[in-house]
Structure formats: C-alpha cells, structure tokens
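Remarks on the structure that follows.
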2 protein chains.
Amino acid sequence: MATTPYHHGNLRDALVEAAVEVVREGGPEALSLRELARRVGVSHAAAYRHFADREALVDVVAERALEAMVAQVHRRLDRVDEPDPVTTARRRLVELGAGYVEFALTETGLFRLLFTAYPDPPEGKGDGDDAGEDPYNLLNRALDELVAVGFIGPELRAGAEVTCWSAVHGFAVLNVEGPLRGLSADERDATLTALLLGIDRAFGAGGSWPPLAPVALTTS
Amino acid sequence: MATTPYHHGNLRDALVEAAVEVVREGGPEALSLRELARRVGVSHAAAYRHFADREALVDVVAERALEAMVAQVHRRLDRVDEPDPVTTARRRLVELGAGYVEFALTETGLFRLLFTAYPDPPEGKGDGDDAGEDPYNLLNRALDELVAVGFIGPELRAGAEVTCWSAVHGFAVLNVEGPLRGLSADERDATLTALLLGIDRAFGAGGSWPPLAPVALTTS
DNA sequence: ACCGAGATGTGACCGCTGTCAACATCGATT
DNA sequence: AATCGATGTTGACAGCGGTCACATCTCGGT
C-alpha cells in the first residue's frame, strides 16, 4: 500500500490546492487539467471524477480568490482608526479601494482569474445571510455609512457603488494587465491617491471637509 | 484559371478582414488561425507566410480595433455644441467617456481583444506626429482644455488622466465581461451618468458650476 | 522566349489541450 | 463473502498553434 495507492484519498482537495498554486504563479491561462493531474501524480482523466469540466474547477478557484481578496481588503479596513466618524467613514472607503488594488497587484493571477468567471454578486442582493463577505457588499455598506454620517448627500447615493467599483476596478485592470503595467510603485501610489481622493471629492462636493491623507500600497 | 488558383492574390488582407469579422462576432478567443484559413479557403499553414504567429495577427486586429474606437469617440465628441466654453470642455470630457463605453458595448469582441494586447500608448508620448488619434491623447487634451478654461485647478491636473481612464475603463469592463453585464439599457445609462457627472464633480469641486445633462448610449 | 530565383501555398507531422468511453480497482454495505 | 458505487486508468478523438520539406506560381534578367 505504500507504493502508489490506487486511490488518492482526497484528490479533489489536492487538485484545488494545486490549481490555486498554478494560477497564483501563471494566471488563468496556465491552468491545465492535464498539468494539474501530472503535478498531483494522477492520470490525466482522473479530474473528471470531481469536476464536470475545466470551467467547474475555475469556479472553485474563483471562490478561493474571492475569499483571499476579501481578507486582504479587511486587513486594510481594520487598520482605520480616526477620531472623527466622518473621517472614519471616508477613510474606510479609501482603504476599501486601496485594498482592492493591492490584492490585484499582489495576487495578479488570482485577480485575473476572478474576472474571467466572476460569480455575479449584484444579482444575489437578496441573501442577507453571508452578506458582507463580498467586496460588493462591503462597498455598499461603506457608502451607506457615508450617507449616514452626512458626507454623501442622499441624492448622490444612487449608482455610487458602480462609480466606485468602476474606478477602482479599472485602475486595477489597467495596472495589472493593461497599458499602465509599467508604472513604478511611486507613480502607482500617486495616481491611486489622486483617484481615491477624486472619488472622495466627487461625493463630498457639497460641504467643506478636511483633506484626506495619501495612500501607499504594500506590493511586497 | 477560374478553378482555385494556387495563389490567393492578397491572402494577407483577406486574413485580416476575416479575423476582424471573427473577433467582432466571437471575441479574441474565437480567433483561430486554422478556422481563418478555412474561411478564406486556404491551407492552415499558408497564414504563416504572412504572420509570424497568432500574436502578430492579433496585433493587426488590435490596430483596427483602436481605429474603430477612436472613430466612435470622435463621432460623439463632434456632436458637442455648447455656447459656453467651460460647458463645452466639460461636455467633451463626458462624451469622451460615453464614446469609450459605447464602443465597448457595441463592439464587444474588438474591445475585449484590444485589452489582451494593448499597444502601450502612455509609453509613446514622444511621437508628436499622429498624436491625437489615440484615446489616451484625446483624453489628455480634453483635460488640458479643462484646465485652460479654469474648470480644473492646476493642482488637480496630475494623475487626472489615469483617474478618468480608470473609471471609464472599469465601467466598460464590468459591463462587457464582468458582473455588471446583466444591466438594462436604462440602468446602464443611469449609472454611467452618475459616474461621468461624478468625475465632473471631482474636478470642478472648487467652484459652483451649472449641472450637466445626463448621458444616453446608443447600443443599437 | 526562356529560365531561374524568390514568393507563396500544401500536406504531413509534433506536442499540447479538453473531453469521452471502456475498463480496473478499491471500500463500504449487505 | 459478494456486490455495488465511487474512484482512478488507459486509450482514443478532435482541435489547436507551430514547423518542416516540398510543390507551385510569378516575375525580372538575359
């Protein structure tokens, strides 16, 4: 039994683990069922006992990626510590965006996979159970908070999620796989700060609020 | 010689034409050298006389796509007709973004291909010859104009291109291949208007400017 | 008018991929 | 102990990008 047991034991988990690793290193296009099987030490068709097709495996990796992203965003969100509630809410929105971008730049492969098979979050707005563990929900709650503390006028709330998400996502995409990928860390921090403070200005245009501190990414 | 001449005549052009058509219908992943050759009625290896590899063909299609995009943006830009120079400049920035998104939604396949092989425009800032026929240059000129007419304070100019591009590109991506692809035309118009006017607010936060009219896309 | 050279197209081949069907093996249940 | 369903294997197929030797055509120089 010591020599190559016929049954792997927990092939499914092993495949997922290997898949995550492969995608982290080479992005979605590096994900090959056959190479995965090779890596795990199993025949090339064995994976089909656990995944209907390649797509199904991609979906599982996407879930993992989403979790990792939420974790990274939370890490940044939790560091926010401001005396003023308005500044707190504003800062949280900024850090939310910065965490999103940070994940995109740190875990390029996972991020790229995420948006070749994103699990349509805006549709499932009804399930209030695990709501919150999803960047989209985090964003909406941050915006609601900004309305609650009086920073965002209620008339500007509609569509604000899409505006924020678009800006931050666009920045991430352009920097990860787009024409902005050559930017230095300093240039990135500067332009990202301009973008995030721009959003802040767009929402708080009504009143006269104190300026926000710049942002710096930890791209490691 | 009427029956299948050995030499095609202008295979290269025919291949490019077919490639553009295929990408328009099925996106970049539908672009296969072999199917192209089949469609043009030639053996699959013939294409390699005209293109080093698949990538080279993709690049040519990308150029075409970029031209088409610039044309569409121009079409919208040229319609702007406002008495006030400040309103003109503001409106032009809005229409620039709307045109970008409109192209993304109209020519989904070409747009998606464009960003799997984007010809790094920010790098080639030196060539002043054909400058202007590139969305990035159009954007920069629109922003400079906004500074010139006094809408954007000079201290906000740095990084403004990236902010605008990110927001609009993110919106396009999320709507074309991302989680926002289910949006109705009305929802899209509304959220895009919110986004574009948000950018307008972010830049003109200093003064008290008249409101801008909403935006509507022609997705046909 | 010819003839050779360079350009262009062909078919066979390689290795890679995802996917399926037939077969082998194992563990748990009866 | 026999059996059955879950799991893994082998072998095949089609499609892909890419390369090669070879066939065919076109055109310019003599």
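All chains are named by letter (A, B, ...) in the order of the sequence lines, taking the proteins before the strands, and each is independently numbered beginning at 1.
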Heavy-atom closest contact (B:Pro135 atom, B:Leu66 atom, distance) = CD-CD1, 3.9 Å
Determine whether the aromatic ring centres of A:Phe171 and B:His169 lie less than 6.0 Å apart.
-> no
Please confirm whether the backbone N or O of B:Ala213 pairs with a side-chain atom of B:Arg91, one donor and one acceptor, at under 3.5 Å?
-> yes
Judged by nearest nucleotide, the residue sitting upstream toward the 5' end of DNA chain D, A:Val42 or B:Leu33, is A:Val42
Atom CZ of B:Arg49 to atom P of D:dA21: distance rounded to whole Å?
-> 11 Å
From CZ of A:Phe51 across to P of D:dT7 the rounded distance in Å is 12 Å
Rounded distance (Å) that lies between atom P of D:dC16 and atom OH of B:Tyr48 = 11 Å
Taking B:Asn10 for the side chain and B:Arg12 for the main chain, is one N or O donor matched with an acceptor at less than 3.5 Å?
-> no
Across the strands shown, which category fits B:Leu57 at heavy-atom distances under 4.0 angstrom: base, sugar-phosphate, nothing?
-> nothing
Could you please name the option among D:dC16, D:dT9, D:dT19 that lies closest to any side-chain atom of B:Glu35?
-> D:dC16
So does B:Glu107 pair up with B:Arg24, basic N to acidic O under 4.0 Å?
-> yes
Under-3.5 Å donor-acceptor pair between B:His44 side chain and D:dG17 base = no
Under 4.0 Å: is that the gap between some side-chain N or O of A:Ser32 and OP1 or OP2 of C:dG18?
-> yes
Calculate the interatomic distance between A:Arg12 atom CZ and D:dT7 atom C1'; express it in whole Å.
-> 14 Å
Distance below 4.0 Å between A:Arg38 side-chain N/O and C:dT17 OP1 or OP2 | yes
Can you tell me the distance, in whole Å, between the CD atom of A:Glu29 and the C1' atom of D:dG17?
-> 16 Å
Can you check the B:Arg54 CZ to D:dC16 C1' distance for me, whole Å?
-> 10 Å
Whole angstrom is fine here: how far is it from CZ in B:Arg34 over to P in C:dT10?
-> 13 Å
Output yes when at least one side-chain N/O atom of A:His50 is less than 4.0 Å from OP1 or OP2 of D:dA6, else no.
-> no
Using whole Å, report how far CG of A:Leu15 lies from P of D:dT7.
-> 12 Å
